[in-house]
Visitor: 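What follows is a structure written as structure tokens; I'll ask about it next.
Reminder, nothing fancy here: chain letters follow the sequence lines and each chain counts from 1. These numbers come from the heavy atoms of this one structure, side chains and all, not from hydrogens, waters or symmetry mates. This structure is a prediction, so every number in the text was calculated from the model and none was measured.
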2 protein chains.
Amino acid sequence: MEPTKIEQDILAAAQKLFLEKGFAGTSTTDIANEVGCNQALIHYYYRTKDNLFEKVFLQEINDTLKMISKVLDAPLQNVSLTELVNIVIDYYFATLKQRPNLPFFIVQELLLNPGRREMIREQFIRNEYRQEAYNKYAAIIRRMTAAGEIRQIEPFALLINTVSLVAGTFLSLPLYGDLLEKSGEEQETYLDSRKEEIKRVLISRLQP
Amino acid sequence: MEPTKIEQDILAAAQKLFLEKGFAGTSTTDIANEVGCNQALIHYYYRTKDNLFEKVFLQEINDTLKMISKVLDAPLQNVSLTELVNIVIDYYFATLKQRPNLPFFIVQELLLNPGRREMIREQFIRNEYRQEAYNKYAAIIRRMTAAGEIRQIEPFALLINTVSLVAGTFLSLPLYGDLLEKSGEEQETYLDSRKEEIKRVLISRLQP
DNA sequence: GTCTATAAGGAGATAGAC
DNA sequence: GTCTATCTCCTTATAGAC
């Protein structure tokens with residue numbers, strides 16, 4: 001059952017607003033205004049706000065994992081450590097620049113509402129792209145460790161390092177802009193400098 | 001004007017609940033129940049929920065900066081790179097273990113409500129402990145760089161690296177526990193292993 | 001399918017008794 | 001100072017006209 005245009009419009013509007021203002025900060029009336037219809041129509045198509053949120057959240061997770069999996073399909077078998085870090089971090093930054101709120105959104109909704117974690121865990125555990133992406137990734141790290149091209153490290157630990165550094169950059173971006181009163185250009189420069197610094201950190205950690 | 005006992009009780013209850021469930025997720029009725037009084041009393045002492053939140057938030061920031069400043073008063077002038085990283089990261093972890101929700105709380109409330117950032121910026125900019133802590137910290141890094149004891153690095157970049165890695169660990173902790181279904185003991189082990197890994201990362205990055 | 005109207009409940013804030 | 005009662009507004013969700 002292909003989703004109709006109006007269903008897609010509602011989903012897109014909900015996605016935009018949930019990402020911006022979170023679940024609690026977005027009312028179904030807000031979503032209706034964004035779509036250009038009345039509030040009852042939101043409920044006609046998605047019944048409850050919770051259900052609509054679930055659809056949005058799962059789609060975000062799915063799309064993200066699919067993208068992550070995709071970059072690992074590039075021929076990474078024979079690249080050097082420096083090349084590997086460059087490819088992964090450049091790609092990661094480019095992806096997040098399109099959705100700068102994504103780290104915040106995921107952190108917020110996953111931490112704030114423990115009641116929703118059950119639903120999320122089920123979908124997360126059985127998500128095919130997640131398994132696939134992690135296995136591809138871990139295989140690369142293990143191979144390079146065995147070949148002596150990088151220092152000994154647990155793939156999971158390296159993953160948390162990378163995600164922390166990159167997500168931390170995007171989480172700190174609005175604070176950098178607001179608290180330190182930086183312009184849009186300066187924020188661009190900040191992102192670029194963080195990108196290069198993160199590469200240095202990862203290469204230092206991995207270089208034998 | 002010393003705050004009375006009831007005022008302190010309300011503040012403590014509000015702090016607990018805001019840290020747990022965020023501003024939007026906490027009602028003044030919740031706070032009253034936690035205190036053991038009626039909801040009107042909250043408003044009698046603090047007028048609005050916003051005002052109460054402001055008090056809580058500023059106190060959190062102030063306490064945190066004060067603690068950070070304190071550790072930098074230790075005699076760090078003659079320690080090695082490894083010792084310095086050990087002291088700072090151990091202290092940082094011990095502090096956050098007492099308030100594991102703090103990173104999430106700050107991220108959430110700072111990002112979610114742009115209207116509040118103005119108030120926060122003012123307090124943040126003129127906070128004496130912040131200036132003090134950052135200056136002490138930057139002086140140490142610059143001295144060690146000049147002495148050739150660590151590699152060239154911008155103090156601010158190193159700060160963001162450190163905060164990202166440590167905050168990322170605490171933000172990921174409930175996800176680690178929930179999504180991967182880890183017990184409390186395993187979460188303790190996770191924290192310890194993250195602590196040691198973060199030290200390795202920072203030392204690798206800084207070692208000449 | 002899409003609308004208006006409205007029900008039902010919860011929120012923050014205040015009035016006024018004690 | 002502390003309580004109960006209540007006002008007003010906003011939310012989600014549904015009923016029913018078209």
Side-chain angles (χ1 to χ4, degrees), chain A residues 1-59 105 108-109 112-116 118-120, chain B residues 1-59 105 108-109 112-116 118-120:
Chain A
M1 43 188 180
E2 192 69 4
T4 64
K5 181 179 183 316
I6 178 72
E7 282 176 305
Q8 287 179 332
D9 285 353
I10 293 174
L11 205 65
Q15 186 193 53
K16 175 172 182 286
L17 293 176
F18 283 147
L19 274 168
E20 259 172 39
K21 309 194 293 174
F23 177 81
T26 305
S27 69
T28 50
T29 307
D30 292 338
I31 297 171
N33 289 342
E34 178 79 21
V35 173
C37 68
N38 59 82
Q39 180 252 354
L41 210 62
I42 310 298
H43 292 275
Y44 174 76
Y45 280 108
Y46 290 92
R47 278 191 49 82
T48 67
K49 187 186 167 188
D50 268 290
N51 179 48
L52 174 56
F53 178 82
E54 191 169 325
K55 295 274 189 299
V56 169
F57 193 91
L58 294 178
Q59 201 186 28
F105 175 71
Q108 192 205 14
E109 302 302 346
L112 206 56
N113 193 332
R116 251 197 308 262
E118 178 103 11
M119 168 278 278
I120 293 168
Chain B
M1 42 187 179
E2 191 71 4
T4 64
K5 178 177 184 320
I6 178 72
E7 281 176 307
Q8 288 179 331
D9 286 353
I10 293 173
L11 206 65
Q15 187 195 52
K16 174 172 183 289
L17 293 177
F18 283 148
L19 273 167
E20 260 172 38
K21 308 195 294 174
F23 178 81
T26 305
S27 70
T28 51
T29 307
D30 292 338
I31 297 171
N33 289 343
E34 178 79 21
V35 173
C37 68
N38 59 82
Q39 179 249 357
L41 211 61
I42 309 297
H43 290 277
Y44 174 76
Y45 281 108
Y46 290 92
R47 278 189 50 82
T48 66
K49 186 186 168 189
D50 268 289
N51 179 48
L52 175 56
F53 179 83
E54 192 169 324
K55 298 273 189 297
V56 169
F57 193 91
L58 293 179
Q59 201 186 28
F105 175 71
Q108 191 204 16
E109 302 302 347
L112 206 56
N113 192 333
R116 252 196 309 261
E118 179 102 12
M119 168 279 277
I120 292 168

Visitor: What's the CD1-P distance between A:Ile31 and D:dT11, to the nearest Å?
Guide: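 The answer, rounded to whole Å, is 12 Å.
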
Visitor: If you check the B:Ala40 side chain, which of D:dA13, C:dT14, C:dC3 turns out closest?
Guide: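 Of the options given, the side chain of B:Ala40 lies nearest C:dT14.
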
Visitor: Starting from P on C:dT2, measure out to OH on A:Tyr46 and report it in whole angstrom.
Guide: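 Interatomic distance, OH of A:Tyr46 to P of C:dT2: 12 Å.
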
Visitor: Taking only side-chain N and O atoms of B:Asn38, does any of them lie within less than 4.0 angstrom of OP1 or OP2 on D:dC3?
Guide: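 Yes, B:Asn38 has a side-chain N/O under 4.0 Å of OP1/OP2 on D:dC3.
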
Visitor: Starting at atom CD of B:Gln39, determine the distance to atom P of D:dT6, rounded to an integer number of angstrom.
Guide: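 Answer to the nearest Å: 15 Å.
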
Visitor: Whether A:His43 contacts D:dT14 is assessed here as follows: a side-chain N or O lying under 4.0 Å from the phosphate OP1 or OP2. Is that the case?
Guide: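 No.
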
Visitor: On DNA chain C, does the nearest nucleotide to B:Asp50 precede the nearest nucleotide to A:Cys37 from the 5' side, or the other way round? Give the residue.
Guide: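 The answer here is A:Cys37.
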
Visitor: From A:Asp9 CG over to A:Tyr45 OH, what is the distance, rounded to the nearest 0.5 angstrom?
Guide: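 The OH atom of A:Tyr45 is 10.0 Å from CG of A:Asp9, to the nearest 0.5 Å.
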
Visitor: Taking only heavy atoms on the protein side, list every residue of residues 11-23 of chain A lying under 4.0 Å from any atom of DNA chain C, sorted numerically.
Guide: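 Heavy-atom cutoff 4.0 Å gives no residues at all.
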
Visitor: Applying a 4.0 Å non-hydrogen cut-off, can you work out what A:Thr4 is touching in the nucleic acid: base, sugar-phosphate, or nothing?
Guide: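 Result for A:Thr4 = nothing.
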
Visitor: With side-chain contact (heavy atoms from CB on, under 4.5 Å) as the test, would you mind laying out the steps for A:Thr26 and A:Glu20 before giving the verdict?
Guide: CA-CA 9 Å; A:Thr26 305; A:Glu20 259 172 39; over 6 Å; no

Visitor: Can you tell me the distance, in whole Å, between the CG atom of B:Asp9 and the P atom of D:dT2?
Guide: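 Checked: the CG to P distance equals 10 Å.
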
Visitor: Nearest to the side chain of A:Arg47 - C:dG12, D:dT14, C:dG1?
Guide: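 Of the candidates, D:dT14 comes closest.
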
Visitor: How long is the gap from CG on A:Asn33 to CD1 on A:Ile42, to the nearest 0.5 Å?
Guide: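 Here the interatomic distance stands at 9.0 Å.
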
Visitor: Could you state the CG-C1' distance from B:Leu41 to C:dT14, rounded to the nearest angstrom?
Guide: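 Atom CG in B:Leu41 sits about 14 Å away from atom C1' in C:dT14.
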
Visitor: Rounding to an integer number of Å, can you tell me how far A:Lys49 NZ sits from D:dA13 P?
Guide: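 The distance from NZ of A:Lys49 to P of D:dA13 comes to 8 Å, rounded to the nearest Å.
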
Visitor: Measure the distance from CG on A:Asn33 to C1' on D:dT12 and round it to the nearest whole Å.
Guide: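 The distance from CG of A:Asn33 to C1' of D:dT12 comes to 15 Å, rounded to the nearest Å.
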
Visitor: Look at the side chain of B:Ile6 and decide which nucleotide, out of C:dA13, D:dT12, D:dT2, has an atom nearest to it.
Guide: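 Nearest to the side chain of B:Ile6 among the choices is D:dT2.
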
Visitor: Pick base, sugar-phosphate or nothing for A:Tyr45, based on heavy-atom distances below 4.0 Å to the nucleic acid.
Guide: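 It contacts sugar-phosphate atoms only.
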
Visitor: Quick one: A:Ile42 CD1 to C:dG1 C1', roughly how many Å, whole number?
Guide: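 Roughly 13 Å, once rounded to whole Å.
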
Visitor: Counting only N and O atoms by type, is there a donor-acceptor contact under 3.5 Å from the side chain of A:Asp30 to the main-chain atoms of A:Ser27?
Guide: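 Here the side-chain-to-backbone pair exists.
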
Visitor: Run the side-chain contact (heavy atoms from CB on, under 4.5 Å) test on A:Leu11 and A:Tyr46 for me, step by step, so that the C-alpha distance in whole Å, both residues' side-chain angles and the decisive distance to 0.1 Å come before the verdict.
Guide: CA-CA 9 Å; A:Leu11 205 65; A:Tyr46 290 92; 3.8 Å; yes

Visitor: Can you tell me how the ring of B:Phe23 sits relative to the ring of B:Phe53, calling it parallel under 30°, perpendicular over 60° and tilted otherwise?
Guide: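 Rings of B:Phe23 and B:Phe53: perpendicular, over 60°.
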
Visitor: Say whether, by atom type as modelled, one donor and one acceptor occur between the side chain of A:Asn38 and the main chain of A:Leu41 under 3.5 angstrom.
Guide: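 Answer holds: yes.
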
